[in-house]
Structure formats: structure tokens, C-alpha cells
Amino acid sequence: AYDSCLIFFPMLHGKQLITVEDLGDSGNLHPVQQAMVDTDGSQCGFCTPGFIMSLFALYKQPSSPTPDDIQDALTGNLCRCTGYRPITEAAKKICMNRTADHFTQDEPGIIQLLSSIDRKKTISVETLSQRYYIPFSLNKALKLKVKYPEALIVNGATDVALRVTKKKELLPVIIDLSHVPELKKIIRKKKSVAFGAGVCMEDIRTEAKKYFPALYSMLSVFGSMQIRNKATLGGNIGSASPIGDTPPVLMAYDAVVVLQSETGKREIKLRDFISGYRTTMIQQDEIITSVIVPKPQKNSIIKSYKVSKRKDLDISTVSGCFNLNLNEKNVSAVHLFFGGMAAMTKQAVRAEQFLTGQEWTRENVEGAMKLIDEEFTPISDARSGAEARKIMARNLLLKFWSETSKG
């Protein structure tokens with residue numbers, strides 16, 4: 001189930017579009033719709049179509065969902081009337097009694113139809129004021145980037161689309177990379193995992209659970225299932241937002257960004273790639289193709305934290321990810337990265353220097369907390385005041401100590 005406000009029309013190419021009106025068959029309610037009726041899961045009706053489509057997506061999954069899976073599937077929808085209990089009951093009911101629906105018998109034909117679509121020729125949608133291109137290979141995408149160096153690159157467009165729907169911007173040239181297969185690969189190696197820039201956040205979350213628990217933890221509170229199925233890693237780091245969820249975590253893992261142009265590839269550490277507010281080191285003819293995340297050393301302790309007004313589906317006020325190595329009781333190496341504390345994701349260098357070589361005690365951590373307070377000059381905005389952000393950042397480090405201290 002996607003968010004329609006984040007979908008540019010050309011993104012529908014090669015996909016089957018199902019709306020809530022399509023679910024019923026010959027005047028009969030779909031099992032998902034019937035379950036909502038039976039459990040009294042709808043009152044005012046404003047939220048109901050969204051819930052129905054999220055439940056339909058859950059209904060079509062092959063495995064039986066756990067209570068956590070159901071809650072995760074519904075996180076992207078909001079109900080102010082009935083609350084979630086009857087809707088959750090509807091979800092349990094349909095998943096315990098799955099039956100074939102009219103989409104089941106149509107699926108073979110739909111799959112055949114979609115597979116027959118020509119994916120060799122670049123799609124070009126042009127008007128007097130806009131151009132929208134969908135290439136089907138990395139090579140064609142790079143050629144387009146040379147031809148249109150000022151073009152806006154999108155893949156999931158969960159950030160960029162808001163510039164149109166909320167700010168009413170006119171985006172003259174867009175290159176949509178969502179159909180480039182080379183960008184959707186996850187390559188596992190002995191010492192690292194390379195995530196393609198076009199891999200969606202939900203797939204990264206699933207992969208990260210084994211190798212990168214701090215990344216898994218952060219992505220578990222990244223948007224909602226609908227957003228994670230659409231948002232991509234390349235977009236999240238390419239936007240260079242100071243409150244982006246993944247940069248602090250990936251920097252703590254010492255991730256490397258792979259950039260490619262028609263003339264070749266180059267690699268740059270993510271901590272150097274983001275150069276300022278919404279700016280990066282990418283050249284006009286380059287595209288982010290992947291992010292290489294080294295597997296942490298066995299003695300590394302890495303934890304991520306996010307402070308926001310809501311647990312789910314909220315922008316972070318302050319976030320942090322910390323990488324600690326201890327030699328018995330002493331700090332042999334420590335890396336502290338914060339989001340929401342400056343114009344870009346920033347490393348607390350002075351606090352790191354203070355802690356290195358010191359014993360991992362509360363007294364020393366409190367000394368480092370004072371340096372964090374001095375090192376950052378956050379702004380006040382609708383989410384929080386500057387002083388409150390400083391308190392949050394200090395306390396995140398203290399929380400990290402409390403979770404890792406053996407004393």
C-alpha cells in the first residue's frame with residue numbers, strides 16, 4: 001500500500017494500480033472490507049480507505065503476521081474515532097481466515113501483462129514546462145545525467161514529492177531511477193555489505209537485523225511500512241538532511257558512498273560526503289550507486305537513538321549513533337555522531353578526544369557531556385528549542401554509557 005500523495009504519475013509505469021473501489025467484486029464486499037464492518041472498525045470514514053488498503057496489503061502476504069507485524073502494517077494510518085483495537089481485530093480476523101479473492105484469479109494475467117512491458121527504451125514524458133525520464137539501466141541513467149546535469153534525481157521520492165504537494169514547486173527536469181536494476185542489489189561480502197542506492201528501506205531493515213543491529217533499530221522507527229517500502233537509501237543520504245535518520249548510524253559504521261559517472265567510479269566516506277546543509281560532494285555528472293557498510297569488529301559496541309515527539313512516523317528532533325571500543329575498562333576508540341544538532345550530521349570530535357584512553361566511567365562521560373554542550377549550536381524550531389536539544393544530546397550519551405557500563 002503506497003501513499004498516493006508521494007507518487008508522481010509516471011511512477012505507475014509497469015505496476016498494477018488497485019484502489020479501495022476495486023476491492024469489492026460484483027457488489028460484494030471484499031473480506032477485508034467485511035471484517036472492518038464486522039468489528040465496527042470504521043466510524044467517520046475519513047481514515048477507512050487507507051486502513052482498508054493497508055489491511056489488503058497485509059491480507060495478500062503469504063505468511064501469517066504476528067501482532068507486531070499487524071501494528072507495523074497499520075502505523076502509517078491514523079484513526080481518531082474508533083482507535084486501533086477494532087481495526088487490529090479486523091486484521092487478526094482476515095489473516096486467520098484467508099480465502100482466494102478475485103485478484104487471485106487475475107494475478108497470472110496481470111503478471112504476464114506487466115512482464116511484457118518494454119523495459120529497454122527510456123520513458124520520456126515532456127510538457128512545455130517539465131521533463132520526466134525513466135531509464136531502465138545504469139548506463140542510460142548516467143547518459144541522462146550528462147545531458148541534464150541540473151536534473152533532480154529521484155527513486156522513491158518520499159522527500160522530493162513533498163516539494164510539489166506541499167510547497168507547490170515546479171520541478172523542471174526529473175530523472176527517476178526506480179527502474180534501474182543495478183541499483184537494487186544487496187551484495188554480501190566477508191567484511192562488508194553493499195546496499196544499492198535503490199534498495200528500499202524495508203529491505204535494508206530486514207538485512208540489517210543480522211549484521212547491523214543499530215541500523216535495524218533506527219529503521220524500525222523510520223516512517224511507516226508504506227514509507228519504508230518506497231523510500232531508498234540513496235535518497236535518504238543524498239538529501240543530506242540534518243535530521244535524516246540513516247546518516248548518523250551509517251557514519252558510526254564508517255560507511256562509504258560509491259559514486260559513478262560515465263568516466264568511472266569513486267568512493268568517499270559518508271562522514272566526508274555530506275559537506276553542509278543539504279549539500280554533498282557529489283558532482284553534477286555523478287549518481288549514488290551504492291553504500292558499502294563494513295561489518296563491525298567483534299569488540300565494537302554500536303547503538304543508535306532517536307528522540308521525537310512520537311515513537312512512530314515522526315521526524316527526529318535529535319538522533320545519535322555511537323561506536324565504542326573498550327580495552328578492558330578503558331576507551332580505545334569512540335565515535336559519536338549526532339543529527340539535529342547542526343546544519344548537517346556532525347561528529348562530536350572534542351568529546352571523542354576527551355574520552356579516548358580514559359576509563360569508561362560515569363564521571364568521564366559527564367565530562368564529555370559538557371564538551372558536547374559546548375561543541376554544538378543547534379537551532380530552535382517547531383520541534384524543539386536549542387537548549388532542549390543540547391540536553392537531549394547530552395543525555396543520549398549518558399544513556400549509551402548506562403547501557404554499556406559493566407559497573
Side-chain angles (χ1 to χ4, degrees), residues 11 133-161 163 171 173-187 189 192-205 207-208 212 215 218-219 222 227-228 230-294 337 339 344-345:
M11 289 180 173
Y133 299 102
I134 303 178
F136 291 91
S137 71
L138 180 58
N139 181 52
K140 290 182 179 179
L142 294 173
K143 290 183 182 299
L144 281 170
K145 197 66 175 73
V146 172
K147 188 175 182 180
Y148 304 103
E150 300 293 338
L152 193 61
I153 297 291
V154 300
N155 205 314
T158 55
D159 187 36
V160 171
R163 291 168 55 180
L171 307 178
V173 185
I174 294 175
I175 300 175
D176 182 349
L177 303 182
S178 59
H179 290 265
V180 177
E182 295 98 321
L183 303 181
K184 297 183 180 297
K185 297 178 181 178
I186 298 177
I187 301 174
K189 294 185 178 180
S192 66
V193 177
F195 295 100
V199 178
C200 74
M201 290 300 194
E202 182 60 21
D203 288 346
I204 292 174
R205 188 178 81 103
E207 183 74 18
F212 312 107
L215 180 58
M218 182 61 77
L219 291 180
F222 181 102
I227 296 295
R228 292 197 302 271
K230 194 166 184 295
T232 60
L233 185 59
N236 196 246
I237 64 172
S239 67
S241 169
I243 52 174
D245 284 339
T246 64
V249 188
L250 294 173
M251 288 180 186
Y253 278 110
D254 203 24
V256 173
V257 181
V258 180
L259 304 169
Q260 187 166 341
S261 67
E262 278 199 300
T263 58
K265 290 183 182 180
R266 67 185 179 111
E267 297 181 358
I268 181 171
K269 289 196 174 185
L270 179 57
R271 60 185 65 174
D272 300 319
F273 174 70
I274 297 176
S275 55
Y277 179 73
R278 296 281 187 177
T279 58
T280 69
M281 299 297 289
I282 196 168
Q283 301 297 316
Q284 283 193 325
D285 62 343
E286 290 179 323
I287 288 172
I288 301 172
T289 55
S290 64
V291 178
I292 301 172
V293 187
F337 292 92
M344 54 188 281
T345 303

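What you are looking at is a predicted structure, and each value in this text was computed from that prediction instead of being measured.
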Inset, instruction - Keeping the roles fixed (side chain from T289, backbone from V258), state whether a donor-acceptor pair exists under 3.5 Å. - result: yes
Legend entry - Partner residues of K140 under the side-chain contact (heavy atoms from CB on, under 4.5 Å) criterion, sequence neighbours left out: T122, P135, S137
Inset, instruction - For Y253, enumerate each residue passing the ring pair (Phe, Tyr, Trp, His ring centres under 6.0 Å) test, keeping only those at least two apart in sequence or located in another chain. - result: F212
Inset, instruction - Would you name the heavy atoms of A240 and I274 that are closest together and state the gap between them? - result: CB-CG2, 4.1 Å
Legend entry - Gap between atom CG of N236 and atom CG of D159 - 0.5 Å precision: 8.5 Å
Legend entry - Minimum side-chain heavy-atom gap D272-M281 below 4.5 Å: no
Legend entry - Pairing residues for S275 by the side chain to side chain donor-acceptor pair (under 3.5 Å) criterion, not counting sequence neighbours: T279
Legend entry - Taking every non-hydrogen atom, the tightest pair across S192 and P294: CB-CA, 3.9 Å
Legend entry - Pairs satisfying salt bridge (Lys or Arg N to Asp or Glu O under 4.0 Å), at least one member in residues 248-268, at least two apart: K143-E262, D254-K269, D254-R271, R266-E286
Legend entry - salt bridge (charged side-chain N to carboxylate O under 4.0 Å, His left out) partners for E202, two or more places apart: R205, R228
Inset, instruction - Rounded to the nearest 0.5 Å, what's the gap from CG on L233 to CG on L215? Could you check? - result: 8.0 Å
Please list every donor-acceptor pair under 3.5 Å in which a side-chain atom of residues 174-181 meets a protein atom from a residue at least two apart or in another chain.
from : atom 1 : to   : atom 2 : distance (Å)
D176 : OD1    : S178 : N      : 2.9
D176 : OD1    : S178 : OG     : 2.7
D176 : OD2    : Y132 : OH     : 2.7
D176 : OD2    : S178 : OG     : 3.4

Legend entry - From OG (S241) to CZ (R278), nearest 0.5 Å: 4.5 Å
Inset, instruction - Go through the structure and list residues passing ring pair (Phe, Tyr, Trp, His ring centres under 6.0 Å) with Y277, not counting sequence neighbours. - result: none
Inset, instruction - Report yes if the side chains of K184 and N155 come closer than 4.5 Å at any heavy-atom pair, otherwise no. - result: yes
Legend entry - 4.5 Å side-chain heavy-atom contact, K230 and M11: yes
Inset, instruction - Could you tell me which non-hydrogen atom of I237 sits nearest to which non-hydrogen atom of F273, and how far apart they are? - result: O-CE2, 4.2 Å
Legend entry - Close side-chain approach of L219 to T246, heavy-atom, < 4.5 Å: yes
Inset, instruction - Enter the distance from I187:CD1 to I292:CD1 here, rounded to the nearest 0.5 Å. - result: 8.5 Å
Inset, instruction - Would you please name every residue forming a side chain to side chain donor-acceptor pair (under 3.5 Å) with T345, sequence neighbours left out? - result: none
Legend entry - Euclidean distance, I287 CD1 relative to I282 CD1, rounded to 0.5 Å: 7.5 Å
Inset, instruction - Please name the pair of heavy atoms, one in A255 and one in V291, separated by the smallest distance, quoted to 0.1 Å. - result: CB-CG1, 3.9 Å
Legend entry - Any donor-acceptor N/O pair, K145 side chain to P149 backbone, under 3.5 Å: yes
Inset, instruction - Check side chain to side chain donor-acceptor pair (under 3.5 Å) between S261 and all other residues, then give those that pass, not counting sequence neighbours. - result: T263
Inset, instruction - State which residues pass ring pair (Phe, Tyr, Trp, His ring centres under 6.0 Å) with F337; sequence neighbours excluded, sorted by chain then number. - result: none
